[in-house]
Amino acid sequence: MSTLEAWVIAIVGGAIAAIIAAAVLAIFKAPVRERFWKPIGRGLRWPFTLRLTTSSRQAVTEREMALLRDKAATNAKRFQEVCDLLDVSPVLPDSTLVQERIQRLQEASGEAWAHAKAEIETAQEHARSQIAATQSLAEMQMRETARTREREIELAREAAHEEGRTLGRAERTSEVEAQRATPPLQPVWRIDDPGPGGNRFYLRNMQNGVEIADVSVEANTNEFMFASSTQTRGPFGESFSFLGSKSHHGVRFGVDFTVRWRDSNGDWWARTVKVDRDPLGTW
């Protein structure tokens, strides 16, 4: 027997002896049992429990995979519903449909923006026109209000003036009525006859302190023929001369002159002034 074999036999024999000794001690010593036999027992049982543990993990794994498959199926179903709702189709990674749709969306976005911009400009123009119309209406109403106010002021002014004129007329009427309550002095007329062959006659007022104006002399042409003016304008002085001659009837029967005048109250008056016939020897 070689040296190596001797060494192997020695080592194996020592190990067996140690195991036997530990087993004997384990029978009588609890600490030895805890530290020696329990690990050995667990090691001996492990091969028998390996199949059961692996089956449990496989079941759990299968359940997890089933849940993942259900979730994937649900997601696929929802994705398909969204595609159906949007009327699109799933595409392959190398497909150009996505780029085309993106381009179409960009074009549609540009068209929508241009349309919205046009509508905004139209709305702004409409708003500007409405603002301008409102301003014009407000200015017109302000001008109309100003004209109405001016007209009201003018009417008030005219009413005040008319009231003043009415009061003035009333005061003047009162004064005239007061003056007329006392009759003014009346003139006493006389016409001086120059005699046969004369042609200048004089109308005279013999009443002093009389205010008269606009005096005129009239006569029937069968009795007298005037050869000058027969009227005066304005206040009458002491006398007024006029030219003329008696007709044949006036020479034989005299002339009845009519004198007219206006007194201080503005009233018109008329009197007849008689001029006698010429002496009998002058006919």
Side-chain angles (χ1 to χ4, degrees), residues 1-139 141:
M1 186 177 57
S2 63
T3 304
L4 179 61
E5 292 175 351
W7 277 98
V8 171
I9 292 171
I11 292 171
V12 171
I16 293 171
I19 292 171
I20 293 170
V24 173
L25 290 175
I27 296 172
F28 302 99
K29 298 289 185 179
V32 176
R33 288 196 303 270
E34 293 293 331
R35 294 181 181 180
F36 181 78
W37 289 109
K38 282 188 176 182
I40 293 174
R42 284 195 296 268
L44 293 174
R45 288 194 305 269
W46 178 78
F48 298 99
T49 61
L50 180 62
R51 178 179 178 84
L52 180 61
T53 303
T54 301
S55 299
S56 299
R57 294 298 301 172
Q58 288 179 350
V60 172
T61 302
E62 290 178 356
R63 286 195 299 271
E64 292 178 353
M65 293 298 295
L67 291 174
L68 291 175
R69 286 192 297 271
D70 292 341
K71 187 175 182 180
T74 302
N75 291 337
K77 182 179 180 181
R78 292 179 178 176
F79 179 72
Q80 186 62 42
E81 291 176 353
V82 172
C83 291
D84 294 341
L85 181 63
L86 296 178
D87 193 19
V88 297
S89 301
V91 297
L92 297 176
D94 59 348
S95 176
T96 60
L97 182 60
V98 173
Q99 290 80 0
E100 293 176 357
R101 288 186 178 275
I102 292 174
Q103 184 178 359
R104 291 178 181 178
L105 289 174
Q106 290 176 347
E107 293 175 355
S109 176
E111 292 177 357
W113 171 247
H115 182 68
K117 186 177 180 181
E119 289 185 350
I120 291 173
E121 292 178 353
T122 302
Q124 289 177 345
E125 182 64 25
H126 180 70
R128 284 193 292 268
S129 64
Q130 290 296 318
I131 292 172
T134 303
Q135 291 177 346
S136 177
L137 179 61
E139 292 176 356
Q141 290 179 346

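Below, all heavy atoms of this structure are taken into account, side chains as well, without hydrogens, waters or symmetry copies. Positions are given from 1, in the same order as the sequence printed here.
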## Note on the structure
Those residues at least two apart in sequence (or on a different chain) that pass side chain to side chain donor-acceptor pair (under 3.5 Å) with H126 are none
### Message
With rounding to the nearest 0.5 angstrom, report the CD to CG distance, E62 to L67.
### Response
12.0 Å
### Query
Just by distance, do the side chain of T134 and the backbone of Q130 share a donor-acceptor pair under 3.5 Å?
yes
### Task
Specify the closest pair of heavy atoms between E121 and R128, including all atoms of both residues, with the distance to one decimal.
O-NH2, 4.5 Å
#### Entry: Non-hydrogen side-chain atoms of K71 and T74 separated by less than 4.5 Å
no
### Message
So, taking the atom named OG1 in T61 and the one named CE in M65, what distance separates them when rounded to the nearest 0.5 Å?
### Response
9.0 Å
### Query
Side-chain donor-acceptor pair under 3.5 Å between H115 and E119, yes or no?
yes
